[in-house]
Protein chains: 2
Amino acid sequence: MKKMKCARFGFRTGNTLVAALLYLLLKKPAHGYSLVDELRDLGIDPAFVSYGVAYRLLRDMEVRGLISSKWEIEGSGPPRRIYSITNSGREYLKNWVNNAEKNLRVMNNLINKIKEVLK
Amino acid sequence: MKKMKCARFGFRTGNTLVAALLYLLLKKPAHGYSLVDELRDLGIDPAFVSYGVAYRLLRDMEVRGLISSKWEIEGSGPPRRIYSITNSGREYLKNWVNNAEKNLRVMNNLINKIKEVLK
DNA sequence: ACACATATATTCATTTTGTCAATAGGTAAA
DNA sequence: TTTACCTATTGACAAAATGAATATATGTGT
């Protein structure tokens, strides 16, 4: 298992976006531009996810083997890079969920404690 | 409302640590070294919070007016900088909690959706 | 004197993010 | 047909956050 850097609270932007993108790709292959739009359905304001960030993440994810891509020329519009999730990506997602749940509990605890003191 | 930068998911390390430190200082004034130890009670692994990071954060927080400090010479050990939370810090914390709750719901939602698809 | 724990502070390199411009094909209307 | 706008991807650069390591004093116990 690679050492987890920079993930003290698990919910760093990049990590979370990776999980969200993998989730979307788990449902069906898609290209970057549409994925950014679909983030809206996850409660993630797409205005906060620039295309630059999203495409960079997708490229990184492919390098890490979490997703794979192929060009799609057919259809209307410019050529699109269609991404699919790999088995490795599925594993990563499972792992992420487990960690995220732990982190969520810590966060929830902290929030409740703070609310109690503020009250 | 000031535009929230760099907090897409609210739970960035820095932001969360700021909240945790403010929470501790809300209960009683303290100095950096002891604060790091007390993070343990919040479920935050102290091995993940180096003193370097903590002191840097505390100084930033003071610059931003969330806390104030004074040197304490008396008592045993080397001089300590005792931090107290300010009114501005209390406001910040209230705000953070509200945001964090929203973000928690988004995260929870995402996690549940992923779990459903993985199942 | 010596080792060790407390306490604060600073530096530098690296990683992660954010912003924005460049490129390019397709579509629709004037 | 040329102008304008939408889709789609990429790359470059700046800014911010983080990690690791080091430097500084002081006090305590032996």
Side-chain angles (χ1 to χ4, degrees), chain A residues 2-21 24 29-39 44-64 67-83, chain B residues 2-21 24 29-39 44-64 67-83:
Chain A
K2 202 170 55 178
K3 186 180 169 189
M4 176 90 81
K5 273 189 185 177
C6 316
R8 305 302 192 220
F9 296 95
F11 297 127
R12 291 193 78 165
T13 309
N15 289 337
T16 308
L17 275 182
V18 166
L21 291 170
L24 293 172
H31 60 282
Y33 198 84
S34 69
L35 285 169
V36 172
D37 284 343
E38 288 182 58
L39 291 175
I44 296 168
D45 190 340
F48 283 157
V49 184
S50 71
Y51 290 107
V53 169
Y55 280 111
R56 183 172 46 206
L57 268 182
L58 286 168
R59 268 177 281 138
D60 287 350
M61 289 162 71
E62 184 163 23
V63 169
R64 293 159 68 192
I67 56 179
S68 65
S69 74
K70 60 177 201 290
W71 283 101
E72 191 184 65
I73 312 290
E74 298 126 59
S76 67
R80 287 162 289 184
R81 196 186 274 280
I82 303 296
Y83 288 102
Chain B
K2 201 169 58 179
K3 187 180 169 187
M4 175 89 83
K5 271 191 185 175
C6 313
R8 306 301 191 225
F9 297 95
F11 299 129
R12 293 193 79 167
T13 309
N15 290 335
T16 307
L17 273 183
V18 166
L21 291 169
L24 293 173
H31 61 281
Y33 199 84
S34 68
L35 285 169
V36 172
D37 285 343
E38 288 182 57
L39 290 176
I44 297 168
D45 190 340
F48 283 155
V49 184
S50 71
Y51 291 106
V53 169
Y55 284 114
R56 185 168 45 202
L57 261 187
L58 287 167
R59 267 178 285 131
D60 286 351
M61 288 163 71
E62 185 164 23
V63 169
R64 293 160 68 192
I67 56 179
S68 64
S69 74
K70 60 179 201 289
W71 283 100
E72 191 185 64
I73 311 293
E74 299 127 57
S76 66
R80 285 162 291 186
R81 198 186 272 282
I82 303 295
Y83 288 103

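Each chain gets a letter, A, B and so on, in the order the sequences are listed, and its residues count up from 1.
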So does [X] get a side-chain nitrogen or oxygen closer than 4.0 Å to the phosphate oxygens (OP1/OP2) of [N]?
X: B/Arg59; N: C/dT10; answer: yes
X: B/Arg80; N: C/dA7; answer: yes
X: A/Tyr55; N: D/dT9; answer: yes
X: A/Arg56; N: D/dG11; answer: no
X: A/Arg81; N: D/dT10; answer: yes

> Within the side chain of B/Glu38, is there an N or O that forms a donor-acceptor pair under 3.5 Å with the backbone of B/Leu24?
Replying inline: no
> Does A/Tyr55 use its side chain to pair, donor to acceptor, with the backbone of A/Tyr33 at less than 3.5 Å?
Replying inline: yes
Distance check needed: [N] [atom2] versus [X] [atom1], whole Å only.
X: A/Leu35; N: D/dA8; atom1: CG; atom2: C1'; result: 12 Å
X: B/Leu58; N: C/dA7; atom1: CG; atom2: P; result: 14 Å
X: A/Tyr51; N: C/dT23; atom1: OH; atom2: C1'; result: 16 Å
X: B/Glu62; N: C/dT8; atom1: CD; atom2: P; result: 12 Å
X: A/Lys70; N: D/dA8; atom1: NZ; atom2: P; result: 15 Å
X: B/Leu17; N: D/dA16; atom1: CG; atom2: P; result: 19 Å
X: B/Glu72; N: C/dT6; atom1: CD; atom2: P; result: 16 Å
X: B/Ile67; N: C/dT8; atom1: CD1; atom2: P; result: 11 Å

> What string of B, S and - do you get for nucleotides 24-29 of chain C, 5' to 3', when a contact is any protein heavy atom under 4.0 Å?
Replying inline: --SS--
>> Could you work out how much the helix from C/dA1-D/dT30 to C/dA30-D/dT1 bends, comparing the axis of its first five pairs with that of its last five, to 10°?
In response: 0°
> Reckon A/Gly32 touches a base, only the sugar-phosphate, or nothing at all at heavy-atom distances under 4.0 Å?
Replying inline: sugar-phosphate
> Start at the 5' end of DNA chain D and walk down; is the nucleotide closest to A/His31 or to B/Val53 reached first?
Replying inline: A/His31
> Between B/Glu62 and B/Tyr83, does a side-chain contact (heavy atoms from CB on, under 4.5 Å) hold up when you go through it step by step?
Replying inline: CA-CA 9 Å; B/Glu62 185 164 23; B/Tyr83 288 103; 3.7 Å; yes
> Do the side chains of B/Leu21 and B/Ile67 get nearer than 4.5 Å, heavy atoms only?
Replying inline: no
> Going by heavy atoms in the side chains, are A/Asp60 and A/Val18 under 4.5 Å from each other?
Replying inline: no
Rounded to the nearest 0.5 Å, how far apart are [atom1] of [X] and [atom2] of [Y]?
X: B/Lys70; Y: B/His31; atom1: NZ; atom2: NE2; answer: 13.0 Å
X: B/Leu39; Y: B/Ser34; atom1: CG; atom2: OG; answer: 9.5 Å
X: B/Leu35; Y: B/Leu57; atom1: CG; atom2: CG; answer: 11.0 Å

> If you look at every heavy atom in A/Leu58 and A/Gly32, which pair is closest and at what distance?
Replying inline: CD1-CA, 3.6 Å
